[in-house]
Amino acid sequence: DMEKHSVLNDVLPVQFPQETGQVLDSHRRREKLTDLLCQLLEKFAAKQPTVLVLHACQFCDNSSWALLRQVLVRCLGLFVVLTTRNPMQDGEIQELQNESERQIHHIPLKPLTPTQAMQLVKKTLGDSSKLDHTVTEQVVLDRTQGVPLYCVELARAVKDSGSKSLKELPDTITGAVLLRIDRLLPSPKLVLKIVAVAGKDVSASLIADVVPAKFTKEELQAELEYLVSLDILIRDTRQGYCFRHEMVQEVVRGFLTFSQKRFLHKRIANYYQSLTKAEVSPATLAEHFEEAAKGMDATDLDVPTCKRAIWFLKVAAEEAMKAMAIDDANKYLERRQALIAALPTSTEPFDFEMALGLVDGSEQLLRQVLEQFSANSGTSLERIEKCTMDAPKKPTESPEFLDTIRFEARSIASAASTLGAEQLSMAAIEVENTAVAQDLSEIDKTVRVLRQAFTDLCAFVDQMSNQGGKNQKPATDAPREHKVVAELKKKDTVIRSESFESEEIVNEMMNDALFLS
């Protein structure tokens with residue numbers, strides 16, 4: 001019975017044994033997770049008064065709102081408290097009220113009064129004698145605007161500086177946070193910057209993978225515990241860590257240089273890609289690869305990384321569609337299309353870099369994938385051509401053949417796009433579109449274009465595979481290197497070159513001064 005609850009491992013710090021037998025797809029898995037969470041909350045609420053607090057709802061995605069709707073509809077004895085910094089979410093909250101028929105009270109939080117702000121500063125200091133007599137309630141209010149986080153950070157800045165006067169401290173809370181980070185030693189400062197980019201539930205293994213050889217296991221754990229003791233980080237679920245307050249995270253991340261953020265996103269993406277699908281979502285991978293790919297301008301685009309982002313955005317969109325999160329799926333597809341438009345144009349019918357990257361550089365596995373792809377796409381194309389030849393004069397007389405054309409064309413387009421054969425993919429999409437329009441003459445034209453694109457692709461792949469193999473040049477010429485080997489050598493050269501650059505960036509992050517810069 002314990003295996004039936006294994007989906008809870010996705011969101012709670014528990015380790016139920018994995019369910020054997022039928023593997024649930026993402027849609028069924030989410031349905032089961034929602035049902036189990038609602039059952040747990042219902043049982044809690046039935047035994048005693050229960051309050052569910054959802055903090056920082058400005059970061060909730062559509063799936064989280066969908067879960068909340070189910071909780072409000074099913075768990076009637078539950079008192080729910082939402083906090084958000086985004087006033088634009090009033091419409092979503094109103095929808096929750098309409099669907100659940102719950103009474104919702106909106107309580108806007110006002111800034112602290114001058115007296116309350118001063119009390120919080122003194123409480124954080126622990127010793128009010130550390131404040132100069134010129135630090136009045138009005139001075140504190142002017143510096144903090146009555147925001148509790150700002151009051152706490154101001155007190156910590158005073159405490160760390162050893163000065164009773166505010167004149168020697170930064171004028172803004174952002175400056176106070178940065179100055180506090182600058183006072184850290186290089187190692188905890190580096191850890192903090194990695195967590196700022198990685199986000200929530202950051203494990204020690206992720207940090208160790210991003211900056212290998214910088215810490216022993218014991219040293220890294222000690223640095224994390226030290227940052228927890230400073231109230232900068234807190235322990236998240238699954239033995240991970242995150243910032244105590246997202247606004248401090250935003251400040252730290254915002255003051256990293258472009259090259260530092262790009263480096264960290266790429267390292268984090270590579271680490272997450274080594275995990276199983278259940279441990280990290282395609283949306284998370286897409287986000288990090290996307291940020292790692294972006295350059296200062298179009299010429300600085302990291303093309304291989306951009307193609308990885310395109311792939312994972314496609315997978316994220318498919319999973320969102322299965323879960324009926326249409327808005328999320330459309331956003332992923334829009335981001336994917338923007339990245340495709342940013343790629344340099346290519347006349348080759350097949351994107352070798354993308355395909356090689358998807359199989360982690362394995363030449364043998366790439367050959368197997370291409371052979372299977374050619375066989376499947378060839379079969380689909382033959383079915384499309386047969387339907388075209390046997391098509392009735394009026395499509396309305398027998399519409400089944402149009403369904404077959406659409407299905408087979410969509411199969412070719414999806415597989416071709418995955419491997420980077422965009423020309424073939426676009427040709428298949430055109431066939432699908434003409435089938436939807438039921439234009440027989442246009443269907444015939446687009447199918448011929450699709451056949452030519454498929455022929456070109458097969459010829460290109462064969463030529464690539466034969467380089468250095470059957471079609472050698474005469475012995476008098478220098479032997480041509482197999483393209484796969486050449487690409488792997490080029491990749492190895494790039495990796496060695498990047499290692500020197502990476503070392504410089506890591507040292508820079510350990511020693512730079514955010515506030516002074």
Side-chain angles (χ1 to χ4, degrees), residues 9 13-15 156 160 177-246 248-249 251-253 255-257 259-276 278-280 284-285 287-289 291-292 305 360-361 491-492 494-515 517:
N9 297 344
V14 293
Q15 293 295 329
R156 285 170 175 164
D160 292 345
V177 172
L178 295 177
L179 186 59
R180 190 176 178 217
I181 303 303
D182 285 342
R183 288 190 174 121
L184 296 173
L185 292 173
S187 293
K189 186 187 294 186
L190 176 62
V191 170
L192 209 57
K193 292 175 181 179
I194 295 171
V195 177
V197 174
K200 302 286 185 182
D201 198 20
V202 182
S203 66
S205 59
L206 181 151
I207 298 170
D209 191 82
V210 169
V211 285
K214 283 296 179 183
F215 307 99
T216 64
K217 184 177 180 180
E218 293 75 17
E219 289 171 343
L220 178 55
Q221 194 60 44
E223 299 294 359
L224 287 166
E225 294 303 323
Y226 172 63
L227 291 168
V228 170
S229 71
L230 294 178
D231 274 343
I232 301 176
L233 297 184
I234 58 173
R235 292 180 187 84
D236 208 336
T237 58
R238 297 174 179 270
Q239 305 301 312
Y241 296 83
C242 70
F243 275 78
R244 176 172 288 280
H245 202 291
E246 64 271 7
V248 177
Q249 178 186 356
V251 169
V252 175
R253 185 173 55 212
F255 277 79
L256 291 173
T257 66
S259 60
Q260 289 171 355
K261 284 186 279 193
R262 190 179 191 184
F263 162 78
L264 289 175
H265 278 297
K266 190 169 186 178
R267 284 293 184 88
I268 292 166
N270 288 333
Y271 169 80
Y272 280 145
Q273 196 173 16
S274 68
L275 304 180
T276 63
E279 293 176 289
V280 61
T284 299
L285 277 162
E287 178 184 355
H288 287 295
F289 274 123
E291 292 300 319
T305 303
D360 294 327
K491 184 178 180 182
D492 181 61
V494 170
I495 289 173
R496 283 187 279 109
S497 173
E498 286 181 346
S499 65
F500 293 107
E501 181 183 355
S502 299
E503 188 67 25
E504 291 181 2
I505 292 176
V506 170
N507 290 332
E508 180 185 282
M509 285 192 290
M510 294 179 73
N511 298 297
D512 63 0
L514 298 179
F515 177 65
S517 61

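Please read all numbers here as calculations on a predicted model, not as lab measurements. The figures here come from the full heavy-atom set of this structure, side chains too, leaving out hydrogens, waters and symmetry mates.
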CZ (Phe289) and NE2 (His265) are apart, to the nearest 0.5 Å, by 12.5 Å

Which of Val202, Leu192, Val248 passes side chain to side chain contact (heavy atoms under 4.5 Å, CB included) with Leu233? It is Leu192

Smallest heavy-atom separation, Phe243 atom then Ile234 atom, equals O-CG1, 4.1 Å

Lys189 and Met509 have their tightest heavy-atom pair at CD-O, 3.5 Å

Of Val210, Leu285, Ile207, Thr284, the one forming a side chain to side chain contact (heavy atoms under 4.5 Å, CB included) with Ile268 is Val210

Correct closest heavy-atom pair for Ala292 and Thr305 would be CB-CG2, 3.8 Å

Any donor-acceptor pair under 3.5 Å from Arg253 side chain to Ala196 backbone: yes

Heavy-atom nearest pair, Cys242 first then Asp201, reads CB-N, 4.2 Å

Requested in this report: Dump the intermediate steps for side chain to side chain donor-acceptor pair (under 3.5 Å) on Ser203 and Tyr241, then the final yes or no.
Outcome: CA-CA 6 Å; Ser203 66; Tyr241 296 83; over 6 Å; no

One should read off an interatomic distance between Leu220 CG and Lys214 NZ, to the nearest 0.5 angstrom, of 13.5 Å

- [ ] Starting from the C-alpha separation in whole Å, work towards a yes-or-no answer on side-chain contact (heavy atoms from CB on, under 4.5 Å) for Arg267 and Ile194.
- [x] CA-CA 10 Å; Arg267 284 293 184 88; Ile194 295 171; over 6 Å; no

One should read off an interatomic distance between Glu291 CD and Lys261 NZ, to the nearest 0.5 angstrom, of 8.5 Å

Side chain to side chain, Ser187 and Met510, heavy atoms closer than 4.5 Å:
yes

In this structure, CD of Glu287 is separated from OH of Tyr272 (nearest 0.5 Å) by 9.5 Å

Looking only at heavy atoms, the pair that brings Glu223 and Pro188 closest together is OE1-CD, 3.4 Å

Rounded to the nearest 0.5 angstrom, the CD1-CZ distance for Ile181 and Arg183 is 11.0 Å

Derivation and outcome, side-chain contact (heavy atoms from CB on, under 4.5 Å), residues Leu184 and Leu227: CA-CA 10 Å; Leu184 296 173; Leu227 291 168; 4.1 Å; yes

Which of Leu256, Ile505, Thr257, Val197 passes side chain to side chain contact (heavy atoms under 4.5 Å, CB included) with Phe263? Answer is Ile505

Would Leu190 and Phe215 count as a side-chain contact (heavy atoms from CB on, under 4.5 Å) here? Give the steps. CA-CA 11 Å; Leu190 176 62; Phe215 307 99; 4.2 Å; yes

Worksheet item: Is the closest side-chain heavy-atom distance between Ile232 and Arg244 below 4.5 Å?
Response: no

Correct closest heavy-atom pair for Gln249 and Gly199 would be NE2-CA, 3.6 Å

Verdict with reasoning, Arg156 to Val177, per side-chain contact (heavy atoms from CB on, under 4.5 Å): CA-CA 9 Å; Arg156 285 170 175 164; Val177 172; over 6 Å; no

- Query: Can you tell me if Asp209 uses its side chain to pair, donor with acceptor, with the backbone of Ser205 under 3.5 Å?
  - Reply: no

